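Notes for the one structure printed next.
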Amino acid sequence: MQWGEQQMDRNKQKRAPIYEALEKFQKRRVVPFDVPGHKRGRGNPELARLLGEKCVGLDVNSMKPLDNLCHPVSVIREAEELAAEAFGAAHAYLMVGGTTSAVQSMILSVCKAGDKIILPRNVHKSVINALVICGAVPVYVNPEVNEMLGISLGMETSRVEKAILENPDAVAVLVNNPTYYGICSDICSIVRLAHAHGMKVLADEAHGTHLYFGKNLPINAMRAGADMAAVSMHKSGGSLTQSSLLLLNTGMNPDYVRQIINLTQTTSASYLLLSSLDISRRNLALRGEESFAKVVDMAEYARGEINSIGGYYAYGRELVNRDSIFDYDVTKLSVYTLGIGLAGIEVYDLLRDEYDIQIEFGDICNILAYISIGDRIQDIERLVGALADIERLYKKDKAGMLSGEYIAPRVLVSPQRAFYSQKISLPVREAAGRISGEFVMCYPPGIPILAPGEEITEEIVEYIIYAREKGCSMQGTEDSKVERLMVLEE
């Protein structure tokens with residue numbers, strides 16, 4: 001039986017050890033001769049006014065009564081044990097460097113220089129950044145692409161098996177569970193395949209916190225038997241931005257993983273972030289099933305209303321084919337916009353600038369409205385109304401519009417070697433045929449169009465220019481205007 005199949009103790013889950021310790025500490029009115037230097041906000045009254053006295057009063061340093069994240073022995077350790085139980089994991093770590101730090105800690109825990117890791121190319125930039133740091137070599141399982149929607153799909157089991165058989169020396173397989181757009185691979189079969197060949201399975205669950213608590217949703221990584229999972233609590237779990245969890249299943253050495261985490265983790269962890277993880281875990285453990293049932297209902301309602309407008313396509317479970325789309329996360333309100341002649345990023349900008357609605361992202365073909373435990377039905381109605389307005393006022397012919405957010409790359413040099421190689425700067429249009437020495441991506445979603453070591457093709461050049469001109473937020477390049485690219489010297 002996997003850890004994820006065990007039942008948690010609801011009475012124990014009512015506790016929030018870090019939160020309780022902070023409350024106790026605050027009542028003592030301790031005189032601070034330690035950091036932070038704002039001294040409970042007195043030294044920075046503008047900050048206190050912005051955030052509130054209670055908030056800056058809880059912005060404290062590690063001390064014996066509050067434990068230490070780098071080597072927890074009391075309240076933080078208790079909070080981690082409760083998180084492990086709530087998420088059905090053998091061990092859990094509270095992370096204050098975002099899910100980026102959790103993803104990178106996963107990879108650094110199993111990979112060293114020269115090791116191969118099997119992964120889809122539509123990974124978050126944090127994954128490839130980890131390969132730059134540790135020197136591991138990617139073996140990409142290039143996913144299928146839905147040509148209409150312009151999104152990459154899941155990892156087909158047959159392709160994963162082929163990659164494993166062709167690379168028996170690979171140490172791990174990484175899976176997105178789910179993708180930003182809600183696509184899920186058959187993680188259970190991938191786990192069985194990988195484990196049968198002595199490989200670890202790492203799950204990027206930045207967008208999958210709710211899979212641990214909601215009913216009738218895709219399976220979560222711990223229950224599927226994955227060895228590690230990075231879970232972004234601040235996305236759908238309700239904690240403060242930058243707070244996350246790293247989960248371990250049986251078969252991993254938790255003390256070694258803690259050492260890996262401490263290689264890059266701050267020694268001055270924010271207690272605002274830690275307490276938010278503690279409180280949010282308690283909230284999900286006690287009320288998560290009910291909360292995420294409402295999220296599903298709102299998302300499905302919105303999907304139906306948006307599809308009735310015409311021109312848009314809010315996609316859902318009808319995409320499932322039990323292969324490249326093994327399952328679909330219906331909490332994701334992903335909407336195809338090219339049917340009204342507008343790129344997703346154009347609809348994104350209109351919603352914000354004309355309707356005061358901030359959605360999660362817009363790409364070349366789609367928008368994503370992130371629905372979670374803090375949303376209300378009246379907010380959904382406002383979004384639907386705005387989209388109907390945009391269709392009526394701004395609809396145009398879609399001739400000449402590009403589609404697709406994923407172009408299969410050709411890796412010529414390892415990410416680490418390329419990143420640290422001697423490079424020269426070229427105008428984007430002159431870079432075709434060269435090897436990229438840097439990242440190029442639209443953020444969000446943060447999936448690289450180009451990563452270090454990949455060949456720059458004419459198609460990629462045209463895509464970068466098109467995305468830039470449409471108004472996508474471009475990141476990763478030394479040139480902030482993305483008019484030039486750093487390429488390897490010939």
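Keep in mind that what you see is a predicted model, and the values were worked out from it rather than measured.
One finds no salt bridge joining D297 and K294 here, because no Lys/Arg side-chain nitrogen approaches an Asp/Glu carboxylate oxygen to under 4.0 Å. R77 and D67 are not joined by a salt bridge, as no carboxylate oxygen comes within less than 4.0 angstrom of a charged side-chain nitrogen. Ion pairing between R303 and E300 holds under the 4.0 Å rule for side-chain N and carboxylate O.
Side-chain contact check for Q242 versus H234: every heavy-atom pair is 4.5 Å or farther apart. Residues H124 and D204 form a side-chain contact, since some pair of their non-hydrogen atoms from C-beta on lies under 4.5 Å apart. Side chains of V60 and L22 form a contact here, defined as non-hydrogen atoms less than 4.5 Å apart. Side-chain contact between L284 and Y212 is absent, with no heavy-atom pair separated by less than 4.5 Å. In this structure, I373 and H210 have side chains that are not in contact, with every pair of non-hydrogen atoms separated by 4.5 Å or more. Inter-residue side-chain proximity for I118 and M199 is flagged as met; some heavy-atom pair is nearer than 4.5 Å. Taking the side chain as every heavy atom from C-beta outward, H207 and K235 approach each other to under 4.5 Å. Between F326 and I187 there is no side-chain heavy-atom pair separated by less than 4.5 Å.
For E23, the CD atom sits in a packed shell: over 12 heavy atoms of surrounding residues, nucleotides or ligands are nearer than 6.0 Å. Other residues, nucleotides and ligands contribute only 12 or fewer heavy atoms inside 6.0 Å of the CZ atom of F419. The local environment of CD in E46 is sparse, with at most 12 non-hydrogen atoms from other residues, nucleotides or ligands closer than 6.0 Å. More than 12 non-hydrogen atoms from other residues, nucleotides or ligands lie less than 6.0 angstrom from CG of D353.
N68 places no side-chain N or O within 3.5 Å of a backbone atom of S62 that could act as its donor or acceptor partner. Judged by distance alone, with hydrogens and angles left aside, the side-chain atoms of K200 form no donor-acceptor pair with the main-chain N or O of M228 at under 3.5 Å. Under the 3.5 Å distance criterion, the side-chain polar atoms of N176 are matched with a main-chain donor or acceptor of N122. Formation of a donor-acceptor pair under 3.5 Å by the D115 side chain with backbone atoms of K112 is found in this model. In this structure, E161 contributes its side chain and T157 its backbone to no donor-acceptor pair below 3.5 Å. Under the 3.5 Å distance criterion, the side-chain polar atoms of Q13 are matched with a main-chain donor or acceptor of L82. In this structure, Y93 contributes its side chain and L248 its backbone to no donor-acceptor pair below 3.5 Å. Not one N or O on the side chain of R15 forms a donor-acceptor pair closer than 3.5 Å with the backbone of A79. Listed for the Q416 side chain is a donor-acceptor partner under 3.5 Å among the backbone atoms of I133. Judged by distance alone, the side chain of Q475 and the main-chain N or O of M441 form no donor-acceptor pair under 3.5 Å.
Side-chain rings of Y181 and F361 approach one another, their centers coming within less than 6.0 Å. Under the 6.0 Å cut-off for aromatic ring centres, F87 and F213 qualify, their centroids lying closer than that.
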Q: Would you sort out whether H195 and D227 count as a side-chain hydrogen bond (donor to acceptor under 3.5 Å, both in side chains), showing the intermediate values?
A: CA-CA 10 Å; H195 285 177; D227 298 283; 2.8 Å; yes
Q: Just do the side chain to side chain contact (heavy atoms under 4.5 Å, CB included) check on V103 and V123 with the steps written out, would you?
A: CA-CA 11 Å; V103 166; V123 290; over 6 Å; no
Q. So E305 and Y312, side-chain hydrogen bond (donor to acceptor under 3.5 Å, both in side chains) or not? Walk me through it.
A. CA-CA 10 Å; E305 291 294 298; Y312 298 108; over 6 Å; no
Q.
Pair L274, L66 - check side chain to side chain contact (heavy atoms under 4.5 Å, CB included), show working.
A. CA-CA 11 Å; L274 293 174; L66 298 180; over 6 Å; no
Q: Check the pair L272, C55 against side chain to side chain contact (heavy atoms under 4.5 Å, CB included), reporting the backbone distance first and the verdict last.
A: CA-CA 8 Å; L272 299 176; C55 181; 3.8 Å; yes
(Q) Run the side chain to side chain contact (heavy atoms under 4.5 Å, CB included) test on N146 and Y315 for me, step by step, so that the C-alpha distance in whole Å, both residues' side-chain angles and the decisive distance to 0.1 Å come before the verdict. (A) CA-CA 12 Å; N146 182 300; Y315 38 98; over 6 Å; no
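Here the closest heavy-atom approach between residue L333 and residue A302 is recorded as CD2-CB, 3.7 Å. Closest of all the heavy-atom pairs between A21 and P65 is CB-O, 4.0 Å. Residue S185 comes nearest to I190 through the heavy atom pair CB-CD1, 4.1 Å, listed as atom of the first residue, atom of the second, then distance. Residues E144 and S324 share a closest heavy-atom pair of OE1-OG, 3.7 Å. Of all non-hydrogen atoms in V171 and V110, the two that sit nearest each other are CG2-O, 3.6 Å. Residues I449 and C442 approach most closely at CD1-SG, 4.1 Å, considering heavy atoms.
Atom OG of S105 and atom CZ of R258 lie 11.0 Å apart (nearest 0.5 Å). Here I164 contributes atom CD1 and R159 contributes atom CZ; the two are 14.5 Å apart, rounded to the nearest 0.5 Å. Atoms NE2 and CD1, from H71 and I76 in turn, are 11.5 Å apart once rounded to the nearest 0.5 Å. For the atom pair Y19 OH and L277 CG, the distance stands at 15.5 Å (nearest 0.5 Å). Rounded to the nearest 0.5 Å, atoms CD1 (I371) and CD1 (I359) are 11.0 Å apart. The CZ atom of R287 sits 12.0 Å away from atom CZ of F292, with the distance rounded to the nearest 0.5 Å.
Among T100, T99, T209, the one residue that satisfies the side-chain hydrogen bond (donor to acceptor under 3.5 Å, both in side chains) test with S244 is T99.
Relative ring orientation between Y370 and Y180 is described as perpendicular, the plane-to-plane angle rising above 60° on a 0-90° scale split at 30° and 60°.
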